[in-house]
Each structure stands twice: as structure tokens, then as C-alpha cells.
Amino acid sequence: MRKGSSLKDRLEARLAAALVAAGAPEGTPAIVQPATRAGFGDYQANGAMGAAKRMQRNPRELAQAALAAAALDDMVSHAEIAGPGFINLTLSDACLAAELEAFAANVIAPQPVTEAAAPVVVDYSSPNLAKEMHVGHLRSTIIGDAMARVLEHTGHAVLRQNHVGDWGTQFGMLLTFMAELASDPDKVPDKQPDEHKVALEHELADIETFYRNAKERFDADAAFAQRARDTVVRLQAGDADCLARWQQFIDISMRHCEAVYSRLGVGLDRSHVHAESAYNDDLPAVVDDLEAAGLLVESEGARCVFLDEFKGKDDQPLPLIIQKRDGGYLYATTDLAAIRYRCGQLGAERILYFVDNRQTLHFRQVFAVARAAGFAPAHVELEHMPFGTMLGEDGRPFRTRAGGVIRLTDLLDEAEERAFALVSEKNPELDETERREIARVVGIGAVKYADLSKHRNSDYVFAWDSMLSFDGNTAPYLQYAYSRVQSLFRRAEVDPAAFDAPISLQAEAERTLALQLLRLPETLATVARDGVPHLLCSHLFDIAVAFMAFYEQCPVLSAADTATRESRLALAQRTSAALHTGLGLLGIGIVERM
RNA sequence: GGGCGUGUAGCUCAGUUGGAUAGAGCAUUCGGCUACGAACCGAAAGGUCGGGGGUUCGAAUCCUCCCACGCCCGCCA
């Protein structure tokens, strides 16, 4: 049995083969899925109906023939044809017990990277270093990070790529403002009188404010604006002075990001940064390649690629601008260079972009051009994994009353504060240090889960209360379930990591829990394929609900006999491992008590 | 004007290549702590799946037309 293969996959493979054996065309899927209702067993196969229709055969007969040919006796204790041709399957207790036996190896342990697997590149977070990270960066950062973990767990070599913006036009403005402050500290805007002559380093401690002040200068002073534009040119031409100041700014801004990543428990560090500027030297080569491929066209002074499949207003051809009239490059050029690098140097077989859905058209164009230019060979999958825009509670694109954004730091502070108040109320007997630590894990977890648990493609409304909710389908519920299992082990005085015992499923609640646990691999496979971690959230929630029901109905420590007690402890142990692993893949922490 | 996306319970959202009686959480109502931790559990109530038409054994899901909202459509990223 292959590690990580799900029960569903195995049933699917056997029934699909059986359908073919029963006369269906090669490649006919069995369409196995969890049963839609309890009375229908554990899994159902719906493929016979569609196949029979195409073959003009009686669907129930085909289903019956397939079921016989599949010979599922080793897995299934009861099977029947229902309705127009559903195949309803009930897994045998022996099968469930055997699966639970191998749980640690098949489900919990990461799948080894097999074959000569080419790496999957995950492009996520990618903040613009000109500004401070704000709540709008949560989705890309958190979802991308969870996906990187899930892909690794399911046996892929993953290369995280943080394509930070460090080379855009705004840097001219920022560097000019920096130079001005360095030479004349009196120009520091007097937001507060005592900040009048602060050092540059101190000023840069709040990048968001720094950016706003620079922008104000830019908008108000034409001479300043011109100097800013000149600075961009000098920077991109490699002027040593500009580069030094740029480096200083980038370092400070990167440190801000790293602080946020660290608080969020996001697995990004400097080794994953491959900034826009890193492609600077490649850009002329990208242009040359496009030229050589005969794709470049000059239009209104700019060099563009026009592809037939993209039309703009009035059916006019839609350009992808590669090089501006003034010779400057744009983000399309950098994105093409990145694809060229990731395919050519990194040898990627799949590249995932966790980027705002407003860039959908941009990526469709860039991908198409990358194919046409040969930067991305046909076997490489380029996938934009778009996510929704953050809206305010009025349904308009999000802003604070001051027209700004909410800094991630402030959101996380608020989350921890609320969690601390809650844990202090629920468990005042814990000492403050422990309550602080619990508040940190619970608060951050709640924020992350709020983002992870929704389908990434829908817009979402920024609201403190829903983001910091601790009730219902939230991270704290899952963390609570985990801490309850741990409590069981503390009382039983056994180490869950070392404990094991034969499992025998008697009560209905035990069987339900077992099935939920064993479905984890099929969920992980879907998440890895489609980039949808919300399915993992909802599955972990199902596991937690099943555990809570089991916990209510099935006494563990005071079970009637030792065998039952140990069997239930073993089931609890699987639950603990599943929650630990699942939350870990989501990047959400756990606590032993809360 | 064209393209992309969204529209499901009062609110926030699930719904996996079309499957059987559309599911959760919150809120509401009712019940459960001398109990392996009540951040919990059980139950009830709540739906013309934006609207019309079509495809078929079967549609929230596929096709078509319409409505509402959001985003994108040449030198920002």
C-alpha cells in the first residue's frame, strides 16, 4: 500500500477498473465520494450511471457487474446498488482498524519526495517593500504558506519564492526623501513637536508614515517630483550613492517583514526572497528573447507583445507592455524574467502564484507570452491562485477613516489582547506567563484561520469581530479540541507519542471519528491540487466535532474494560496526531492547556 | 463596450469530474455542569440556491438570456 494513498483513491481505482472490466470504455471514472447520507454507508460510487447512459445500458446492471468485478471484500463489509445506480459501500471494521493501525506512517508522516520530482515553486506574500505590511497582505502570506506546507507534506519538493517589490517607481520618491532628511533633518515633518529632529533610522521605524510623508512631498513639490524621477533612473543605472541608500531602506523594510513573519509563524526568511531587483540584469535578455521569437512590436513608442487571444476596448488588440517609451521596464517584464528563471534555473514543474485576483488578466497575458517565448515549456504548469479583495464593512475596498490601512502588527496586537482577556476569564488559575503564551497562540491562530477557512477566491470584509472570533468553526475550537485530548492523556498518565493499542470500533461515535480521521489524505490531495486550504480547515473542524461527540458519548478513562479504554485512548491518540499535523500544515499553533 | 469574478438561511460562509431529503458556524428558542475541562454537547426553527428558459433519469453545479454588485482593459505594481 502506497503511503498517503487515501481510501477513496483505492476504492476509485478498483471500481474504475471494474467498470472497464464490466464493459465500460477505458478511462471511465467510478466517481467515488463520501456518502451523502449516513444510511448510504461510508462511500458511494456514482460513475456507473453516467457510463451506462453513454453506453445505452441499464445502469443498475452495470453497477452490479462492476461491484462484482471489483471484489472489494477485503475493504468493504456491505455493498449495495441503490436508486438509479448508486453503489453504496460500507467499509469493514477490519479495514478501518488496519488503516488506523498504519495511521502514523500513512497519514501523519510526510510523504517522501518520490521519483525525480521537479520542484513546485510557490510564489507568495511578495509585499512591496516601499510600504509596511498591512492586513491586505494576510491572504497571500497565510494561504501561500499553508499551501507550501501541504505540498511538502504530500511529497513535493517546494521552493518558496518571495517576489518582494523593491525596484518600483516609488523608490525614487522614497530615496529622494531619505536624502533630503539626511542632509536637512529640519525637513522631517513635524507630526509631533518632539519628533522634529529625529534620526533617519528612527524615522524609518514607521515605514507607512514615512511613505505617506514622502508622497506628500512628491505631490506638493514639482522639483522634488522631478528629482525623484531622476533618482529612479540613477538607481537603475547603478549609481553607488543611490544603491547604498536603497540598500539601507530595503534592509530596514525587510526587517519589518521578518518581524511580521515571525509573529505569524510563517516560514519565510531571507533565503526565500528573490526580489524584483534580482531580475534586473535579466531584463535586457528577456527583451532580446522576445525579439528573437518575433513577438515584440513597437507601439506608441513602447515595445509590446500582442497576442490574438487578448482584445481590449472596441476589439483592439491588447498589448502586454515590455518596455516603456523611456526605456524603463515594467512588472510584466520582471514577471517574465521570473518565469524564465524558475523554469530555466530552478527547473520548476509547477509554479503557483498566490496573488490578488485583480491581476488575473495580467497573469493570463504573462503566462501566454511566457509560453510563446519558450520561457515556460508546455509541461510546466503555471497557475494563478487568485484571492479576493479586502473590503470595508461598507462593502467598498477597505480603508480606515483616515484613508489608510490597518497594519498587521496592530491587528495581531488586538488579537492577542482579546485572547488574553478570554483565557484570563476562562482559566484564571493559570499563571500569567502561560496565559500570555496561550493568548499569543490562540490570537494569532484565530486571525489566520479567519482567512484560511474561506474559499480564497471570494472577496472578504475586514471586520475586527469576525476576524477575532473565538467561537464555532474557528482555530480556538480546534485548539480546544486538541487540548482536551491532551488533558485525557495527562489524566491517564500516558505519553501519546509512545502510546499504542489495538483499536476496536464499537460505538457509532467511534466509527464516525475513525472515518473522519481516515479521510485526511483525500482532503490533503485536493488541497494540494487546487490550492484550497479552506477544505483542510473544514475537515479538521469535522474531526474536532466528531471527537467532541465521541468524547461525550464514550467514556475513555472509566471505560468498562481495559481493552475498550486502551482502544479509545488509541483513537484519541490518532485524533491528537491529526489535529497536531493538520493545524501545523495550516501554520496554526497548539497548546497543551488553554 | 469587452473580459473576469461574485450572488446559497437574518448574518458569515461550505457545497470536491452533475447525484439521493442543499450543509456548517454565529444569532434565536429549548435542554444538559455534585460529570474524563461547558472556549463544550444535544435538539428545534430558519432556503423560490439572484431571475427566466434549456440540456436529462437527475442541475446550486452544465448551456443560454437577463438583473445586481465588484474588479480589470498601454507605458504603476
Side-chain angles (χ1 to χ4, degrees), chain A residues 29 31 33-37 39-40 44 46-47 49-50 52-53 59 82-86 88 126 128 130 165 167-170 276 299-304 310-316 318-326 328-332 334-335 356-362 364 386 388-389 391 395-397 422-423 425-427 442 450 453-455 457-461 463 465-466 469-474 476-477 479-481 483-484 487-488 490-492 522-523 526 529-530 532 534-535 537-538 541-542 545 548-549 551-559 568 572 593-594:
Chain A
I31 312 187
Q33 45 183 248
T36 50
R37 294 230 316 269
F40 298 154
Q44 62 183 59
N46 304 334
M49 291 175 283
K53 184 201 264 185
F86 296 101
N88 290 342
S126 306
N128 186 338
W167 207 239
T169 322
Q170 325 92 311
E276 283 185 327
S299 170
E300 298 174 34
R303 306 177 86 183
C304 310
F310 299 103
K311 300 287 186 194
K313 285 182 181 132
D314 305 322
D315 225 29
Q316 292 299 302
L318 190 65
L320 183 68
I321 301 180
I322 303 298
Q323 195 167 20
K324 296 192 284 185
R325 192 179 330 174
D326 66 5
Y329 301 104
L330 293 102
Y331 73 135
T334 313
D335 281 338
D356 194 315
N357 64 18
R358 283 174 295 195
Q359 296 198 30
T360 300
L361 175 62
H362 165 74
R364 280 182 49 217
T389 310
L391 306 175
R396 309 282 310 158
L422 184 65
V423 69
E425 174 201 325
K426 300 281 186 189
N427 281 313
V442 169
S453 59
K454 291 175 183 57
H455 193 294
N457 203 26
S458 48
D459 288 348
Y460 63 115
V461 175
D465 286 339
S466 60
S469 166
F470 300 132
D471 296 322
N473 183 6
T474 61
Y477 179 86
Q479 291 164 326
Y480 177 70
S483 74
R484 293 289 294 272
S487 166
L488 217 39
R490 276 197 301 276
R491 285 187 158 265
E522 57 194 69
T523 297
T526 306
R529 188 192 63 208
D530 297 337
V532 283
H534 76 284
L535 292 185
C537 293
S538 92
F541 180 68
D542 289 342
V545 167
M548 286 298 185
Y551 185 86
E552 291 284 326
Q553 294 166 34
C554 304
V556 178
L557 302 180
S558 58
R568 289 177 176 170
R593 295 187 293 187
M594 63 186 276

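Since the model is a prediction, treat every value here as computed from it, not as a measurement.
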Practice task
Look at all strands and tell whether A/Ser469 reaches a base, only sugar-phosphate, or nothing, counting heavy atoms closer than 4.0 Å.
Solution key: nothing
Handout entry: Closest heavy-atom pair and its distance - A/Val423, A/Met594
Key = CG2-C, 4.4 Å
Practice task
Measure from the side-chain N and O atoms of A/Ser469 to the backbone N and O of A/Ser466, and report whether any donor-acceptor pair falls under 3.5 Å.
Solution key: no
Fill in the blank from the handout: A/Tyr480 OH to B/A39 C1', in whole Å, measures 6 Å
Completion exercise
What one should report as the nearest heavy-atom pair of A/Asp459 and A/Thr389 is OD1-N, 2.8 Å
Can you pull every protein N or O that's under 3.5 Å from an N or O on nucleotides 72-74 of chain B?
none

Practice task
Return the nucleotide paired to B/G37: Watson-Crick means purine N1 to pyrimidine N3 with N6-O4 or O6-N4, wobble means G-U with N1-O2 and O6-N3, both under 3.5 Å.
Solution key: none
Problem - N/O donor-acceptor pair under 3.5 Å between A/Ser458 side chain and A/Lys454 backbone - result: no
Problem - Atom P, compared across B/U16 and B/G50: separation rounded to whole Å - result: 14 Å
Practice task
Kindly give the heavy-atom pair with the smallest separation between A/Pro59 and A/Met49, and that separation in Å.
Solution key: CB-CA, 4.1 Å
Completion exercise
Atom OH of A/Tyr551 and atom P of B/C41 are separated, to the nearest Å, by 12 Å
Problem - Contact letters for nucleotides 20-28 of chain B, in which S counts primed atoms plus P, OP1 and OP2 and B counts the base, heavy atoms under 4.0 Å - result: BB--SSS--
Completion exercise
Heavy atoms of A/Asn357 and A/Gly388 approach each other most closely as ND2-CA, 3.6 Å
Practice task
Grab the two heavy atoms, one from A/Ile31 and one from A/Gly47, that are nearest each other, plus how far apart they are.
Solution key: CB-N, 3.9 Å
Problem - ring-ring contact (aromatic ring centres under 6.0 Å, His included) involving A/Phe86 - partner list, sequence neighbours excluded - result: none
Exercise for the section: Assign A/Val532 to base, sugar-phosphate, or nothing according to its heavy-atom contacts below 4.0 angstrom with the strands shown. Expected result: nothing
Practice task
Would you check if the side chain of A/Arg303 reaches a backbone N or O of A/Lys324 as a donor-acceptor pair within less than 3.5 Å?
Solution key: no
Exercise for the section: Could you check how far CE of A/Met49 sits from P of B/A59, rounded to whole Å? Expected result: 13 Å
Problem - B/C33 versus B/G42 - spacing of their P atoms, nearest Å - result: 16 Å
Handout entry: Closest listed nucleotide, where the reference is the side chain of A/Val442 and the choices are B/G42, B/A39, B/C4
Key = B/A39
Handout entry: Contact under 4.0 Å: A/Arg490 side-chain N or O vs B/C36 OP1/OP2
Key = no
Practice task
Quick one: list whatever passes side-chain hydrogen bond (donor to acceptor under 3.5 Å, both in side chains) with A/Arg593, sequence neighbours left out.
Solution key: A/Glu434
Practice task
Determine the contact category for A/Cys554: base if any of its heavy atoms lies under 4.0 Å from a base atom, sugar-phosphate if only primed atoms, P, OP1 or OP2 are that close, otherwise nothing.
Solution key: base
Exercise for the section: Have a look at A/Leu330 and say if it touches a base, only the backbone sugar-phosphate, or nothing, with a 4.0 Å heavy-atom cut-off. Expected result: sugar-phosphate
Practice task
Take atom C1' in B/U29 and the same atom in B/A68, then report the distance between them in whole Å.
Solution key: 35 Å
Handout entry: With sequence neighbours excluded, residues passing ring-ring contact (aromatic ring centres under 6.0 Å, His included) with A/Tyr551
Key = A/Phe547
Exercise for the section: Select base, sugar-phosphate, or nothing to describe what A/Leu320 touches, counting heavy atoms under 4.0 Å on all strands. Expected result: nothing
Exercise for the section: Could you check whether A/Arg484 gets within reach of a base, just the sugar-phosphate, or nothing at all, counting any heavy atom under 4.0 Å? Expected result: base
Practice task
For A/Lys426 and B/G37, give me the distance from atom NZ to atom C1', rounded to whole Å.
Solution key: 11 Å
Practice task
Check the chi torsion on B/G74 and let me know: syn if it falls within 90° of 0, anti if not.
Solution key: syn
Exercise for the section: Provide the distance between the two P atoms, one in B/G52 and one in B/C57, to the nearest whole Å. Expected result: 23 Å
Problem - Side-chain donor/acceptor contact of A/Tyr331 with base of B/A77 under 3.5 Å - result: yes
Fill in the blank from the handout: Sorted by chain and number, sequence neighbours left out, salt bridge (Lys or Arg N to Asp or Glu O under 4.0 Å) with A/Asp326 holds for none
Practice task
For B/G7, give its Watson-Crick or G-U wobble partner with both distances under 3.5 Å, or none.
Solution key: B/C67
Practice task
Scan A/Gly328 against the nucleic acid and name what it touches under 4.0 Å (heavy atoms): base, sugar-phosphate only, or nothing.
Solution key: nothing
Handout entry: Under the ring-ring contact (aromatic ring centres under 6.0 Å, His included) test, residues paired with A/Phe541 that sit two or more places apart
Key = A/Tyr477
Fill in the blank from the handout: Given protein heavy atoms under 4.0 Å, the one-letter contact record of nucleotides 5-18 of chain B, with B base, S sugar-phosphate only and - none, is simply S------SSSSSBB
Handout entry: Contact nearer the 5' end of RNA chain B, comparing A/Gly168 with A/Leu488
Key = A/Leu488
Exercise for the section: Assign a letter to each nucleotide of nucleotides 29-35 of chain B from its 5' end: B, base within under 4.0 Å of a protein heavy atom; S, sugar-phosphate only; -, no contact. Expected result: -------
Problem - Distance between C1' atoms of B/G58 and B/G18 (Å, rounded) - result: 8 Å
Problem - B/G7 and B/G31, which share atom name P, separated by this distance in whole Å - result: 38 Å
Practice task
Just call it for A/Arg593: base, sugar-phosphate, or nothing, with non-hydrogen atoms closer than 4.0 Å on any strand.
Solution key: base
Completion exercise
If pairing means Watson-Crick or G-U wobble with both distances under 3.5 Å, then the partner of B/G23 is B/C13
Problem - Residues which pass side-chain hydrogen bond (donor to acceptor under 3.5 Å, both in side chains) with A/His362, listed by chain and number, not counting sequence neighbours - result: A/Tyr331, A/Asp335
Handout entry: Heavy-atom pair of closest approach, residues A/Pro34 and A/Glu522
Key = CG-OE2, 3.9 Å
Problem - Under 3.5 Å on both distances, the Watson-Crick or G-U partner of B/A43 - result: B/U29
Problem - Which residues share a side chain to side chain contact (heavy atoms under 4.5 Å, CB included) with A/Ala130, sequence neighbours left out - result: A/Asn128, A/Gln170, A/Phe171, A/Leu174, A/Tyr211
Handout entry: Whole-Å gap separating C1' (B/C76) and CH2 (A/Trp167)
Key = 17 Å
Problem - Identified pairing partner of B/G1, criterion: Watson-Crick or G-U wobble below 3.5 Å - result: B/C73
Problem - Integer-rounded Å distance: B/A77 P and A/Gln170 CD - result: 7 Å
Handout entry: For A/Asp542, all residues meeting side-chain hydrogen bond (donor to acceptor under 3.5 Å, both in side chains), sequence neighbours excluded
Key = none
Practice task
Please state the C1' separation for the pair B/U55 and B/U61 - nearest whole angstrom.
Solution key: 14 Å
Handout entry: Separation between the P atoms of B/A60 and B/G51, rounded to whole Å
Key = 11 Å
